[in-house]
Amino acid sequence: MDTEKCIACGLCAEKCPKKVTDLFNEGLIKRKAIYVPYAQAVPLKYAIDPESCIYLQKGKCGACEKLCPSGAINFKDRESVIEREVGSVILAPGFRSYDPSGLDFYAYDRSADVVTAPEFERMLSAGGPTAGHLLKPSGRAQGIEPEKIAWIQCVGSRDQNRCGHEYCSAVCCMFAVKQAVIAREHSRRPLDCAIFFMDLRTQGKDFDRYVDRAKKDGVRFVRARVHSIEPTGSEDGLRLRYALEDGSLAEEAFDVVVLSTGLEIDPGAKTLADRLTVDLDADGFVKASPLSPVCTSVPGIYACGAFTGPKDIPHSVMEASAAASAATEKIAAARHTRTRAVQRPEQIDVRQENPRIGVFVCNCGINIGGVVRVPEVVRFAETLPSVVYVEENLFTCSQDTQDKIVDIIREKRLNRVVVAACTPRTHESLFQETMAGAGLNKYLFEMANIRNHDSWVHANDPDAATKKAKDLVRMAVVKAALLRPLDEDQLPLTRTALVVGGGIAGMTAALCLAEQGYPVDLVERSDRLGGHGRRLLETGAGEPMAPFVEGLAERVVNHPDIRVHLESSVTAVEGFVGNFNTTVTSADGAAAIEHGVAVLATGAAESRPAEYLYGEHPAVVTSLELDDLIAGESGKVSAASDVLFVQCVGSRDDERPYCSKVCCTHSIQSALKIKRRNPEANVFVLYRDIRTYGQRETLYNQARKSGVHFFRYSLANKPNVSANGKKVRVEFIDPLLDRRFFVDADLLCLASAIVPRRNEELAQMFKVPTDADGWLLEAHQKLRPVDAATDGVFLCGMAHYPKPVDESIAQAKAAAARAATYLSMEAISVGGIVSVIDERDCTGCGACVAVCPYSAITMDQSRKTAVVNPALCKGCGACAAACPSETPKLMGFTHAQLYAQIKGALAA
Amino acid sequence: MEVIGSDTEFQGSVLVVGGGIAGMQAAMDAANAGFFVHLVERSPAIGGIMARLDKTFPTNDCSM
């Protein structure tokens with residue numbers, strides 16, 4: 001397939017006689033042997049599946065080659081080997097979902113109604129086989145909707161017995177909760193959703209809140225390991241048999257069962273690692289130290305995502321940025337040596353010309369053309385004022401159409417372009433690039449969304465959809481006629497960074513940026529670097545922390561490009577990305593620091609428990625205090641014959657509904673240390689859910705094997721602690737035996753909650769919001785986990801949310817990578833779609849200043865007029881709407897343009 | 001650690017294997033920081049497993 005020629009018209013797939021299993025849709029439906037994986041695929045080009053193609057297998061057929069209007073199909077194409085020399089390599093081959101076929105007791109092979117989690121995801125998807133209509137797989141043809149759905153957790157995870165995966169897959173609990181919530185939203189009738197689980201591992205940011213909401217909405221959570229699923233062959237559907245916590249057996253029937261299948265490494269990825277001599281661990285994941293989370297055993301080769309261990313999307317994105325940082329550090333001197341600048345023709349000045357508008361109407365394959373009568377819309381557009389050219393395209397976004405648009409702009413001397421297609425959110429920048437390529441200012445462009453706003457929502461009414469398409473095109477054309485070219489100014493930027501916080505995260509971010517060649521000012525409030533890292537004993541993998549933190553601090557202090565400011569704090573921040581001016585104050589006075597970006601790594605704190613006799617009885621300590629005792633070789637630890645840990649002290653309750661994420665692993669590591677020091681000691685852990693997610697599960701198993709006793713408690717039945725001489729008496733109920741026990745403990749360790757620092761002031765100075773719990777808020781929870789909403793400001797470490805050392809380091813490296821994308825820019829582009837205030841028309845009422853969410857408007861007190869800083873303005877238009885005299889002009893969306901558009905809408 | 005290859009002419013580029021969410025993010029960050037990226041993906045389209053998800057927590061954004 002020649003992807004340059006393919007216009008993705010779909011004729012080939014329509015005529016291809018060979019049907020094969022559609023793996024993108026998890027095998028739930030068929031596709032053709034020539035196909036695009038999904039409608040929004042990038043690149044949107046057809047591909048031939050050589051294993052299924054009749055021509056490639058038997059030398060017959062070739063229907064697609066004959067039909068293809070652009071001659072894109074070339075059956076003589078052969079595999080070729082391409083050699084490239086590169087500075088470094090990043091491996092991100094991902095994972096595959098565990099195949100439950102081998103687990104006969106789950107009846108996955110015997111019943112269509114037993115599906116895996118990825119299969120269920122396709123069943124929910126609007127782009128899936130049932131267009132998002134939730135149907136029972138066995139009753140799809142008859143349109144039967146399920147009434148009861150069960151999720152079974154840990155299928156192919158936490159199971160050494162049958163699947164051989166000891167590790168926890170880390171994502172499936174949250175995945176199942178999300179699926180249950182969405183399934184209930186999709187279902188037209190009340191849907192009974194039950195999740196069968198061992199420990200609910202929803203340790204991520206805001207995850208427990210989501211679970212609480214799901215519980216309130218009626219999703220059932222059943223703590224039980226399901227023994228078997230039996231298809232009944234009757235209307236009862238599938239019978240689940242399981243043992244409850246108290247040992248009693250239970251049965252329940254469901255229409256559909258979703259197996260929450262775990263993550264595992266694809267054999268192809270293992271082969272790749274072998275070929276590159278990259279070491280993998282026993283589970284098949286890349287062997288990496290928690291202290292250098294994206295490095296492999298081979299220098300110059302880095303890894304990220306699920307290949308380094310099971311993880312969710314935000315963590316994968318963080319690691320990906322971290323890998324980009326690590327992979328470019330050693331080759332930083334070669335920055336910009338291999339990249340090419342985009343060449344653009346000089347801009348044509350059209351300001352004196354009358355509008356000459358070209359309209360391109362897209363069929364979007366059949367997405368628009370299957371509903372809207374596009375030729376009729378084209379004929380209509382031809383009648384509109386100032387329109388000098390109209391054509392329809394199968395896909396206006398295809399590369400060949402872009403070339404054609406450039407030619408037509410030149411040939412017809414177009415000075416405005418309207419594309420009637422999909423959404424500007426995804427495609428405006430593409431067409432604007434095309435405009436620039438033809439020498440037109442990119443703001444002389446307007447889009448009419450006749451797909452999302454029209455053909456998709458009025459799919460059953462072609463007449464109305466066609467009429468609406470005409471209205472939308474008219475609106476776009478009348479606005480386009482009023483468009484003016486807009487300028488963007490290029491501002492120089494200060495290529496330095498300010499890092500706030502000198503703990504592990506802050507030091508790591510500072511070092512990465514300095515190694516990338518950007519000078520760093522590191523501000524630390526206390527009198528030495530290291531933060532909480534100095535109190536931790538070892539990583540989850542057992543590496544000692546002290547030498548690592550010491551070494552890191554030494555490298556930071558000795559780095560020629562890092563200036564460390566101890567006993568200092570940020571007291572004022574001015575400016576914007578590329579040009580911040582920050583005041584750092586210490587006992588010696590205030591210093592002004594100019595910097596281009598900022599990284600906030602202010603950490604978190606261990607809370608002081610207000611219960612369980614903490615602070616009243618010497619036997620009661622927190623996790624970090626126990627670390628101090630263990631490190632101090634205190635006799636108190638060795639002499640203790642009974643040690644008890646209580647988990648979730650101050651976490652996951654009404655006051656703090658979040659999970660502190662690190663405490664389960666921390667307590668289990670401490671328990672193991674105590675057991676190693678004194679194997680005779682009785683060690684107890686009272687927990688609510690053990691959250692040793694990912695490969696930390698090994699520690700949990702080790703602890704159980706070495707005789708650490710685990711008892712679950714619930715929020716309604718919290719343990720009771722009372723003084724008993726030098727010991728404390730801890731009373732609790734064992735849910736397995738349903739009996740009350742007590743332990744007289746020499747040491748009671750409270751896994752106290754991790755709480756955010758009170759850094760609202762700092763957050764406000766950098767315009768970074770905090771969430772309901774006080775953690776710094778990222779720009780997007782999935783896709784921009786280290787960016788703050790303010791351009792040029794990044795977050796990492798515990799200031800963002802509690803996390804273990806490896807995740808803090810990855811996030812710090814990620815923050816450095818994201819910061820480097822700004823610091824390596826030639827200039828900061830400002831202007832374009834921003835608000836402009838003509839001071840002659842401003843009455844100085846301040847309404848715009850009050851509504852601007854980006855603090856981009858200030859009041860010039862001497863002149864009593866509002867002034868917009870174009871570098872801070874995001875073009876939201878709130879000021880233009882708020883002003884009683886319509887003074888703020890939002891460029892590209894002026895009042896005149898919008899009024900014309902409204903008139904255009906009502907003109908029919 | 002040594003730089004792989006000694007000729008500065010080809011050091012300013014990075015190979016990324018895998019076009020899922022991690023591979024794409026790594027490629028974008030390296031490219032936006034001034035390095036030429038070769039992104040290698042086994043299947044005909046990038047996007048990986050995330051593209052198969054219907055919606056994602058907590059924004060209910062479509063994964064596409």
Side-chain angles (χ1 to χ4, degrees), chain A residues 24 36-38 40-43 45 47 84-95 118 121-122 124-126 128 132 174 178 182 206 210 268 272 299-300 304-306 313 316-317 319-321 323-325 327-328 330-331 333-339 780-782 817-818 820-821 824, chain B:
Chain A
F24 182 82
V36 278
Y38 53 100
Q40 299 88 337
V42 176
K45 304 288 176 185
R84 291 284 182 274
E85 284 165 328
V86 294
S88 52
V89 177
I90 298 172
L91 303 178
F95 65 92
E121 196 67 21
R122 296 312 299 157
L124 288 176
S125 174
M174 195 55 192
K178 182 209 76 171
I182 302 280
D206 265 350
Y210 194 76
L272 174 70
C304 58
I313 296 167
S316 290
V317 172
E319 265 200 8
S321 294
S325 169
T328 54
K330 303 287 174 197
I331 57 173
R335 190 190 309 279
H336 295 310
T337 57
R338 301 289 283 164
T339 48
H780 188 283
Q781 273 161 307
K782 283 270 179 304
R818 300 288 305 141
T821 63
S824 60
Chain B
M1 192 186 83
E2 289 301 309
V3 171
I4 312 282
S6 54
D7 185 353
T8 52
E9 219 188 291
F10 56 78
Q11 286 171 13
S13 56
V14 178
L15 169 71
V16 178
V17 184
I21 184 63
M24 291 192 294
Q25 182 69 45
M28 290 293 289
D29 283 337
N32 283 331
F35 299 89
F36 192 90
V37 176
H38 304 275
L39 175 62
V40 179
E41 163 61 38
R42 181 169 59 173
S43 80
I46 56 173
I49 290 175
M50 189 171 168
R52 288 188 221 171
L53 302 182
D54 173 39
K55 292 184 176 108
T56 58
F57 158 86
T59 50
N60 268 358
D61 278 347
C62 149
S63 293
M64 293 292 175

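Every chain is numbered from 1 and lettered A, B, ... according to where its sequence line falls, protein lines coming before strand lines.
In this structure, Leu53(B) CG and Lys178(A) NZ are separated by 5.5 Å, a value rounded to the nearest 0.5 Å. The distance from the CD1 atom of Ile90(A) to the CG atom of Asp29(B) is 9.0 Å, given to the nearest 0.5 Å.
No donor-acceptor distance shorter than 3.5 angstrom exists from the side chain of Thr339(A) to the backbone of Ala31(B), with no hydrogens or angles considered. Between the Glu121(A) side chain and the Asp54(B) main chain, a donor and an acceptor come within less than 3.5 Å of each other. Not a single donor-acceptor pair under 3.5 Å links the side chain of Arg52(B) to the backbone N or O of Arg122(A).
Contacts of Ile49(B) with chain A are made by side-chain atoms alone, with heavy-atom separations under 4.5 Å and no backbone atom involved. Heavy-atom distances place both the backbone and the side chain of Thr821(A) under 4.5 Å from chain B. Contact of Arg84(A) with chain B is made through the side chain alone, with heavy-atom distances under 4.5 Å.
A 4.5 Å side-chain heavy-atom check between Lys45(A) and Pro44(B) finds every atom pair outside the cut-off.
Between Ala41(A) and Ala45(B), the shortest heavy-atom distance links the atoms CB-CB, 3.7 Å. Across all non-hydrogen atoms, the minimal contact from Ser13(B) to Glu85(A) is OG-O, 3.3 Å. The two residues Ala51(B) and Tyr38(A) come nearest to each other via the heavy atoms CB-OH, 3.5 Å.
Ranked by heavy-atom pairs shorter than 4.5 Å toward chain B, the options Arg818(A), Arg335(A), Met174(A) are led by Arg335(A). Chosen from Gly18(B), Ala26(B), Ala33(B), the residue pairing most often with chain A at heavy-atom distances under 4.5 Å is Ala33(B). Between chain A and the residues Asn32(B), Val40(B), Ile21(B), the largest count of heavy-atom pairs under 4.5 Å involves Asn32(B). Per-residue counts of heavy-atom pairs under 4.5 Å with chain B were compared for Ala47(A), Ala817(A), Ala92(A); the largest is that of Ala92(A).
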